[in-house]
Amino acid sequence: MAEDKPMSESEQQQLLKLRDRIDAIDADIGRLISERAQCAQDVAEVKKAHSDGDIVYYRPEREAQVLRKAMDRNKGPLDDEEMARLFREIMSACLALEQPIKVAFLGPEGTFTEQAALKHFGHSAVSIPMSAIDEVFREVEAGAANYGVVPVENSTEGVVNHTLDNFMDSGLKICGEVELRIHQHLMVSDITKTENITRIYSHSQSLAQCRKWLDAHYPNAERIAVNSNAEAAKRVKGEWNAAAIAGEMAADRYDLKKLAEKIEDQPDNSTRFLIIGTEEVPPSGCDKSSVVIAMHNEPGALHNLLEPFHRHNVDLTRVETRPSRSGNWNYVFFIDFEGHITDDNIAAAMKEIGEKASDIKVLGAYPKAVL
Ligand SMILES: C=C(O[C@@H]1C=C(C(=O)O)C=C[C@H]1O)C(=O)O
């Protein structure tokens, strides 16, 4: 590294002054954050005084509004997302004063789902790893966790069927969504003989997302699908001839070395996750809704279903078909659209569809992902 030339007297003075200024600003920020935290504690008192049952401290619609305001106000030099991320953490700490929030996620520790949970709730949330998607649902249904985080679709590999299937039988509501850019890395432990890798562990979706790269670089290695990327990372710790494909968090958590970075075939690979809880969320001003609708098996069923959405100007963002599992669920459609389920045009469309559908269930209305 090049040696810096010594600073002149006036440069040193300038630096001292700037650092004094930063110290003074930090003191202001600290005081303001404490003041904000005190307000959040006062909010908790009002919520307690008002409620006679279970108190809901976490308000997804309000949090989305706070983050959007932080972005709207921002004039740089930090970019909007960076500013919102800072506010995300301040709010997370303030909420923890009201109630330490418990979030179950598809584990083990180090999965992309954990990264999504932290992105959505901030680092003051207590996150609980579960070993399967159904267990995340059960943990929230049983009240052992306040919220759950599960993956729902990937931009290259499509929908996570397991998550959709769980919604068919569950009374839980979707109360938020998170989007995460997914980067996959090939990683090994310190005992791996890197010239001798004969098996590569990962979740089936991750193996699929890196198919071309693996064909080109490790055509002869056995690809072994395991429950999660983090489990793959754990396995390679004890096997000298194995590597794992997983994300940054897994490499950190399990102390693995990255042999190759960003090996996903699609550079804009991203995954969408859902936040599940027991509460319905009021409108935040910029929302999405998800429903599941069963239609009778007859000609024109899909047209009859989609036409009212079109006529009432509802923008569909996703339509997913799943095989039905019982007699009256002949065709099951999972549909996401822009807007809150209580909006007039949406309520009108849903009323008409309800007259033709054999079954209809609102999975939730929730703020559009801010970060
Ligand atoms: C302070 C409140 O409670 C929680 C904390 C928030 C915050 O720190 O801004 C926002 C919403 C709630 O999750 C509130 O409801 O306003």
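One-based numbering, in listed order, for ligands and for the atoms of each. Every heavy atom of this structure was used, including side-chain atoms; hydrogens, water molecules and symmetry mates were not.
- Taking every non-hydrogen atom of L95 and a distance limit under 4.0 Å, the qualifying atoms of ligand 1 come out as 4 (C), 13 (O).
- Set against the non-hydrogen atoms of Y58, the atoms of ligand 1 under 4.0 Å away are 13 (O).
- Residue C94 has at least one heavy-atom neighbour below 4.0 Å for each of these atoms of ligand 1: 8 (O).
- Atoms of ligand 1 found under 4.0 Å from any heavy atom of Y57 (numbered from 1 in listed order, with element): 3 (O), 4 (C), 12 (C), 13 (O).
- Side chains of N241 and N196: no donor on one and acceptor on the other come within 3.5 Å.
- Under the 6.0 Å distance and 45° angle rule, R73 counts as a cation-pi partner of F87.
- When all heavy atoms are compared, the tightest approach of N313 to N345 is O-ND2, 3.6 Å.
- With no hydrogens or angles considered, a side-chain donor-acceptor pair links Q209 and N269 at under 3.5 Å.
- The protein atom (non-hydrogen) at minimum distance from atom 13 (O) of ligand 1 is E63 OE2, 2.7 Å.
- Nearest to atom 14 (C) of ligand 1 by heavy-atom distance, out of Q41, R59, K47, Q65, is K47.
- The ring of F167 has its center no closer than 6.0 angstrom to the ring center of F334.
- For Y147 and Y58, the distance between ring centers is under 6.0 angstrom.
- The ligand atoms of ligand 1 that sit less than 4.0 angstrom from a heavy atom of E98 are 1 (C), 2 (C), 3 (O), 4 (C), 5 (C).
- Protein heavy atom closest to atom 9 (O) of ligand 1, with residue, atom name and distance, is R36 NH2, 2.8 Å.
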